[in-house]
Amino acid sequence: MGIKWDEFFITGDPLILGSQIAIVLTMVGIVAGVTYLKKWKWLWSEWITTVDHKRIGIMYIISGVLMFFRGGMDGLLMKAQTSRPEMEFLDAQHYNEIFTTHGVIMILFMAMPMLIGIMNVVVPLQIGARDVAFPQLNALSFWLFFGGAMLFNISFVIGGSPDAGWTSYFPLAGKEFSPGIGNNYYAVALQIAGIGTLLSGINFVVTILKMRTKGMTLMKMPMFTWTSFIASVIIIAAFPIFTVALALMTFDRLYGAHFFTLSGGGLDMLWANLFWLWGHPEVYILVLPAFGIYSEIISTFSRKTLFGYKSMVLSILIIALLSMVVWVHHFYTMGSGPAVNSIFSITTMAIAVPTGIKIFNWLFTMRKGRIKMTNAMLWSLAFVPCFIIGGVTGVMLGMGAADYQYHNTLFLVAHFHYTIIPGVVFAVFAALYYWWPKMFGFTLNEKIGRWHFWLFVIGFNATFMPMFFLGLDGAVRRSYTYSVESGFAPLFLVSALGSVILALGFIAFCYNIYWSIRHADRNITGDPWNARTLEWATASPVQPYNFAKLPEVDGLDPFWKMKKNNQGLTIKDSEIKEIHMPSNSGLPFIMGVAFGVAGFFLVFEWHIAAAIAAIGIIAGLIYRSFDYDEGYHIPVDEIKETESKWRNVEGEVHNYVK
Amino acid sequence: MSSKIDYSLPLEYQTEQNRLNILGFWIFLGAEIVLFATLFGVYGVLYQRYAGGPTHQDIIMIKDVLIQTVLLLTSSFTMGIAIFEMRRQQLKGLIFWLVITLLLGAGFLFMEINEFIHYVHLGATMQTSAFLSSLFVLLGTHGAHVTFGIIWAIMVIIQLLRRGLTPTTARKTFIIGLYWHFLDVVWIFIFTFVYLKGMVG
Ligand code: HEM
Ligand SMILES: [Cu+2]
């Protein structure tokens, strides 16, 4: 209660006024556009209510691209503010809000949905399944993520953004020092999105454990499936910790509890511990699927089986275990003493070993391969050196004693951007170039893709390389300005110019999508890259039911073997049986809205309204419990027709010759 | 996800989708274990931070807690009987024992709410100290789970009455059974580490 209505909309700042107008215009534009094109029904029945893993994946990816845009704008604003000493573009408060929303959005609303989206599209296809284990739950996961993301994003025009950093450390993030509602957004929106992520994790673990096609033992799974599996396991192990931490934060802020407060016996560092107990595994949830993406792409475009498959699996298992026991490296300066800091230094540095093994495996996969320089491959090649810079500086930061020097400087900021951008963003780009035809039935333009690649990679290095040296010179992170006397100006300027190049790269990417939608050749086969795993044994775009006949597998690279031995590629009419499919459902969307609305009221501490909205959530659950929809069957004739469209007369999969 | 039915298995395992759901629920329970483990961890860090407020010995009503414990443990046992009846295809017996389980659960919940009211009357609220914050949230999370379980089980009973024992209703019953036993296990930890340890000091 006690929210003043005149504080509801943020007023008086030209930048925010501009965004408010932009948001209203965009919304009006979208509504008008959809109405004009008479697409509401299509939007509802084909997308909003869909339970198809491929479409859900695409919706994740679209949201991820939009969020990349938002987070990237934040990044550019920060770079503009620090481009010259004592700039007066953003004030301190505004800068605080922007690095907070930038961090949260990039990690939770950009990187996560991009990877979960790619997992959604690819994993069921790679294991030869028709969908995930729980298709409707999958849609719910998406809409919870989406509801949380939207709630978080409106914060900067309605009520105020969180401003205590993406880590939201106490006591700063507590009611005492952040009395506004900005940080309520953090607590509530991330909670809603987090539940969605947890459900995705469960869904993928069951899918991968139980729905692999005949013959695909665990050790015959494609590497991306392996890494998605382990990432899902980490999600299940780590996200509940964040759920609890955010709930306790909510209790502290909304109900005056004393978990992390300075008074009443609370412990502020308890928050830091809980946050990083989730937060460090979280970065491995991000990077492991990315490693899987690189493994697939490098092996495809080197025309070789992945080198050292077993050691790859072993190293992701070790990374997963170690990721749980390194969290203290984020606050060596807490002062837990030399013994504790040493132990965590050792576990941290140990992660470099399995990671190094993986790097060597990729290099050995390329060795003597007939490498084809597609865009997907280029991103994978650029990843290796850039990520090594991130990794080596990570080991530097991992040494507790040395970290007292680097802590809280731009050196750290440069380090994690050097891991997360090559480790996640490059991988997402690579994956999009690679799997785009599976999603949309055409490839992205390779030439425009080159512009995208070079601009982005050069811009990235120019932006973040100077930050290492700024950090070593003593420039602290999260500081909105610096003096002329500090001598930081030249490097900051280089970095700001770099970010402009980087932004041009992103624009090239968007233009590439636009160009390819308009002009790309639709007449492609199911296997445009001459690839190796089962997802390429389907049409492009993939049929709703994925496989007319479930494939059988007896080793790694099954589709490659099928092509080489010319077996299993054909399908006879008699082999086609009708296929059971789950029905679409509007409930997941409605639940996402209910969660979003309840969350919004909770943010404003309007408890009665929130409780009423929560009843909506319960009603949705009850409705679901009584829902006995058994799905439907696709008749044989329809399957025959779909299959004949993409297979040649002998019923074979076309081979790609270019 | 075909609806092939394997009659050699217990009812709740007969269809493929049922097997997926049950495995999925086990994994969900894994996440719940992490959730409660975190809450126990928080409690373990804060449990002596009384901030001048009441301590364990000042507020705990051990007799009531013992009765709560007996109620919940018995309800876990009756839930076991219910599932046993389900395996024997006895719909009536199943529903009877489910109802008994729910009554016991409701009794537990009633006493827990009383306990909370008693604490508040003593001036021991969530806002008093870190110890009490962690106590209320740990107990409250468990209690909320029991509440949720009761509502959910009522829904399942309605479906059993309407549809009888089918692979689907059997699966739903089985899963709520797993959930109920899990809450019982959590309570055993709460009883030991919060109440018994708290009384010893
Ligand atoms: C698109 C290009 C990007 C630019 C120009 C950029 C720029 C920046 C800048 C200037 C800061 C704040 C430095 C400071 O003053 O402390 C920052 C912080 C951060 N960035 Fe980025 N970044 C980019 C991409 C990303 C990506 C892709 C991610 C993650 C997936 C990411 C995650 C973060 C995080 C977590 C923080 C810390 C926020 C905090 O201090 O609370 N950034 N970034
Ligand atoms: Cu870490």
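Numbers restart at 1 for each chain; the letters A, B, ... are given by sequence-line order, proteins then strands.
Of the two parts of Ile27(B), the backbone and the side chain both hold a non-hydrogen atom closer than 4.5 Å to a non-hydrogen atom of chain A. Contact annotation for Ser625(A): both backbone and side-chain heavy atoms come within less than 4.5 Å of a heavy atom of chain B. For a residue to count as touching a neighbouring chain, one of its non-hydrogen atoms must lie under 4.5 Å from one of that chain's; by this rule Phe626(A) touches chain B with backbone and side chain alike. The part of Leu198(A) that comes within reach of chain B is its side chain, from C-beta onward, which places non-hydrogen atoms under 4.5 angstrom from that chain. In this structure, chain B has no heavy atom under 4.5 Å from any part of Ile579(A). Contacts between Ile618(A) and chain B at a heavy-atom distance below 4.5 Å are absent for every atom of the residue. Contacts between Thr128(B) and chain A at a heavy-atom distance below 4.5 Å involve the backbone alone (N, CA, C, O).
For the options Leu267(A), Asn273(A), Leu199(A), heavy-atom pairs under 4.5 Å to chain B are most numerous at Leu267(A). Highest contact tally toward chain B, considering only Ile235(A), Ile241(A), Val233(A), is held by Ile241(A) [criterion: heavy-atom pairs under 4.5 Å].
Of the inter-residue distances, the one linking Gln17(B) atom CD with Glu630(A) atom CD reads 9.5 Å to the nearest 0.5 angstrom. Remark: Ile236(A) CD1 to Leu29(B) CG distance equals 11.5 Å, nearest 0.5 Å. Within the model, atoms CD of Gln127(B) and CG of Asp252(A) stand 10.0 Å from one another, a figure rounded to the nearest 0.5 Å. In this structure, Tyr628(A) OH and Thr166(B) OG1 are separated by 5.5 Å, a value rounded to the nearest 0.5 Å.
The shortest distance between side-chain heavy atoms of Phe239(A) and Val34(B) does not fall below 4.5 Å. Counting only heavy atoms from C-beta outward, the side chains of Leu20(B) and Met211(A) approach each other to under 4.5 Å. Annotation: side chain of Leu621(A) is in contact with side chain of Phe148(B) (closest heavy-atom distance under 4.5 Å). Within the 4.5 Å cutoff, side-chain heavy atoms of Leu46(B) are placed close to those of Leu270(A).
By the neighbour-count criterion of 12 heavy atoms within 6.0 Å, atom CZ of Phe77(B) is sparsely surrounded, having that number or fewer from other residues, nucleotides or ligands. Atom OH of Tyr255(A) has more than 12 neighbouring heavy atoms from other residues, nucleotides or ligands inside a 6.0 Å radius.
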I'd like to know whether Thr38(B) forms a side chain to side chain contact (heavy atoms under 4.5 Å, CB included) with Leu277(A), so could you lay out the CA-CA distance, the side-chain angles of the two residues, the decisive distance to 0.1 Å, and finally the verdict. CA-CA 10 Å; Thr38(B) 312; Leu277(A) 263 166; over 6 Å; no

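Listed for the Lys210(A) side chain is no donor-acceptor partner under 3.5 Å among the backbone atoms of Glu16(B). Of the possible donor and acceptor atoms, none in the side chain of Ser133(B) sits under 3.5 Å from a partner among the backbone N and O of Phe259(A).
Of all the heavy atoms in Gly265(A) and Ala51(B), the pair that sits closest is N-CB, 4.0 Å.
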